[in-house]
Amino acid sequence: NDGRILLRRRTVLVMQLRDYQQENLSQLRDSLRTNQSVLYVAPCGSGKGTLISTMVHRAVERGKKVVFAVHGRALIYDMSERVSKLGIKHGVLMGGIRRERWHPVQVASIDTLHRMEFPPEADLIIADECHMALSETWRKTIAKYPNAKLVGCTATPIRLDKQGLGRASGGLFDDMVLGPTEKELISQNYLVPSRVLAPPAPAALDKVKKTAGEYNLKSQAEVCNTAQVIGDVVSHWKKHASQRKTAAFAVDQNHAKAIMAQFRANGIQWAYVDAETPDSVRAEIWKDLDNPTSGLMGVSSVGCISVGWDHPIVSCVLVARKTASLALWRQMLGRGSRVYPGKQDFLVLDHVGNTHLHAPHGLFEDEVPWDLAGLRPEDMPAKVEAVKTCDQCYATFKPGPTQCPYCNALLEKQVKEIEVVEAELTEVKQKIETDPRVVKAIYDALVRKAQERGYKSNYPEVVFKHRFGYWPPRSWKQSYA
């Protein structure tokens with residue numbers, strides 16, 4: 001759960017925020033006192049919607065008018081439900097929905113808002129999933145509200161070209177508030193860790209060229225929409241994830257339908273959803289997927305389940321498309337990370353090598369140095385380490401251990417090229433950095449982050465301890481005293 005219902009006052013439900021949510025909310029309010037726009041960044045499943053809904057509730061209590069600007073029907077329904085849970089009366093501005101413009105809060109489709117000659121008044125605009133909010137449609141719509149404060153929310157504040165969302169990079173935001181990392185939320189049992197089975201980079205996909213920065217979908221479909229994509233997706237799912245509810249990501253609609261057909265041909269109940277799926281049909285699919293006793297084991301799609309799709313029961317993310325977008329990749333991973341009764345982890349079946357492609361940020365637990373300017377060259381390591389493959393069990397992981405962490409087989413000491421085993425997924429694990437120079441540099445970066453953002457004085461030590469398993473030397477802290 002994103003928060004706990006504390007009490008009922010008239011028709012308003014007051015949510016008890018987690019400690020980090022309360023701290024982040026205070027940081028957002030402080031930033032808005034001096035900035036016109038602020039970006040809130042926190043992982044998928046961290047409760048951004050609850051935090052923002054609480055901010056809106058408090059704004060309405062002060063007589064303010066608020067507009068939620070959202071892209072896509074699914075996200076509009078989700079945000080409307082969240083606001084409703086707080087007892088906030090609101091209107092929905094979207095095609096096919098009766099408009100109730102007299103409410104102080106409006107949940108609006110960005111396309112509908114853009115087309116309106118007389119849009120609703122707003123003192124505060126909330127841009128959900130704002131890493132998508134850089135198109136001309138978004139810019140022109142936001143420009144209709146020159147005096148309103150703007151708050152953007154996302155787990156992935158980066159564009160395809162690795163540029164950020166700050167004004168200096170051509171974005172919309174003056175400041176950024178960072179929430180907890182994926183590792184921190186996992187340690188507090190608010191998210192579950194990942195386990196990754198991934199192949200070496202496939203030769204056929206290496207030939208797929210990019211168009212406007214992303215891998216060409218038509219060329220990629222010719223490679224992926226076959227009976228096998230680096231191993232048969234169904235046979236690997238049956239071997240590794242047969243008891244897990246699954247979200248499957250495809251290249252295009254035909255590919256997604258082919259994945260569904262392949263599962264059904266093997267006697268496995270599977271569904272397909274796209275933007276044209278009727279709302280009633282989609283709702284029935286989600287209901288069956290969320291039911292642990294139903295026979296529906298998975299759903300395949302292209303873009304409908306990539307962002308803002310909240311189904312905690314999903315514990316397997318099956319990826320059959322390659323993407324150059326770090327934001328899209330980490331959004332896909334986030335679909336499996338939410339907690340659910342009995343859920344210990346979520347499994348990533350990466351059939352196309354995205355984990356390797358986006359190293360050192362390809363694992364869900366990898367900490368990405370988000371910045372308003374994007375991912376700067378100085379934030380990237382000079383050399384990205386390759387992965388080891390166990391010759392006995394084909395598990396794949398970053399160099400470090402002398403034995404396979406899964407089958408305990410002794411690993412070759414000498415450095416050698418990874419042996420590619422056709423059609424066999426391999427497991428990827430994180431490595432704990434041991435180079436003392438790199439470790440010290442990480443600590444220094446944590447200190448700078450704490451100083452720049454006004455975090456508590458023990459923030460660098462606590463995060464360092466969580467990451468490495470031991471406290472940093474006292475001399476390091478004294479050098480900053």
Side-chain angles (χ1 to χ4, degrees), residues 1-6 12-29 32 38-60 66-94 103-110 122 124-133 149-157 176-182 185 188 190-191 286 290 304-314 327 330-331 333-340:
N1 295 322
D2 292 336
R4 183 168 60 85
I5 297 176
L6 186 61
V12 177
L13 297 178
V14 181
M15 305 297 285
Q16 180 180 3
L17 298 179
R18 300 168 182 167
D19 289 344
Y20 68 82
Q21 290 174 320
Q22 188 61 59
E23 180 181 358
N24 291 161
L25 181 59
S26 296
Q27 291 171 327
L28 286 168
R29 295 179 65 183
L32 287 173
V38 59
L39 173 63
Y40 178 50
V41 180
C44 300
S46 62
K48 294 186 293 294
T50 296
L51 184 152
I52 294 302
S53 296
T54 302
M55 172 183 277
V56 170
H57 167 224
R58 296 179 181 179
V60 171
V66 183
V67 168
F68 279 97
V70 185
H71 177 77
R73 299 181 72 86
L75 292 179
I76 290 171
Y77 289 137
D78 177 71
M79 186 55 67
S80 177
E81 182 179 357
R82 290 180 183 275
V83 175
S84 295
K85 286 180 179 178
L86 280 176
I88 300 175
K89 294 182 178 181
H90 63 282
V92 176
L93 302 178
M94 179 174 63
H103 294 301
V105 177
Q106 297 291 322
V107 178
S109 158
I110 188 64
L124 174 65
I125 299 175
I126 307 295
D128 195 32
E129 303 296 348
C130 65
H131 56 281
M132 301 186 293
K149 297 288 187 175
L150 173 64
V151 175
C153 307
T154 182
T156 52
M176 180 169 69
V177 171
L178 285 173
T181 66
E182 287 82 356
L185 291 176
Q188 298 174 55
Y190 291 134
L191 295 178
W286 299 156
D290 290 335
C304 291
I305 60 176
S306 300
V307 177
W309 189 73
D310 186 359
H311 293 270
I313 196 172
V314 168
R330 295 192 69 85
Q331 288 283 344
L333 294 177
R335 298 315 107 201
S337 65
R338 288 169 171 80
V339 295
Y340 187 81

[X] side chain vs [Y] backbone, donor-acceptor pair below 3.5 Å:
X     : Y     : result
Ser80 : Tyr77 : no
Tyr20 : Ser46 : yes
Lys48 : Tyr40 : no

Restricting to non-hydrogen atoms, name the atom on [X] and the atom on [Y] that form the minimum distance, rounded to 0.1 Å.
X      : Y      : value
Arg338 : Leu191 : CA-CD2, 4.3 Å
Leu51  : Leu25  : CD1-N, 4.0 Å
Pro180 : Pro43  : O-CD, 3.0 Å
His90  : Ile88  : ND1-O, 3.0 Å
Ala108 : Val67  : CB-CG1, 4.3 Å
Asp290 : Tyr340 : O-OH, 4.2 Å

Q | Whether His311 and Trp286 hold their rings parallel, tilted or perpendicular, with breakpoints at 30° and 60° | A | tilted
In Å and rounded to the nearest 0.5 Å, what is the [atom1] to [atom2] distance from [X] to [Y]?
X      : Y      : atom1 : atom2 : value
Arg18  : Leu185 : CZ    : CG    : 7.5 Å
Thr50  : Gln16  : OG1   : CD    : 12.5 Å
Ile110 : Glu129 : CD1   : CD    : 13.5 Å
Leu32  : Met55  : CG    : CE    : 5.5 Å
Leu28  : Leu39  : CG    : CG    : 9.5 Å
Thr156 : Arg330 : OG1   : CZ    : 9.0 Å

Q.
Name the residue from Leu124, Val83, Ile76, Leu93 that meets the side chain to side chain contact (heavy atoms under 4.5 Å, CB included) definition with Phe68.
A. Val83
Q. Around atom NE2 of His71, are there more than 12 heavy atoms of other residues, nucleotides or ligands at under 6.0 Å?
A. no
Q) Would Thr154 and Gln331 satisfy side-chain contact (heavy atoms from CB on, under 4.5 Å), going step by step from the backbone distance to the final call? A) CA-CA 10 Å; Thr154 182; Gln331 288 283 344; 4.2 Å; yes
Q) With side chains defined as the heavy atoms from C-beta onward, is the minimum distance between Arg29 and Arg58 less than 4.5 Å? A) yes
Q: Would you check if there is a donor-acceptor pair between the side chains of Asn24 and Gln27 at a distance under 3.5 Å?
A: yes
Q: Just jot down the salt bridge (Lys or Arg N to Asp or Glu O under 4.0 Å) partners of Arg335, sequence neighbours excluded, or say none.
A: none
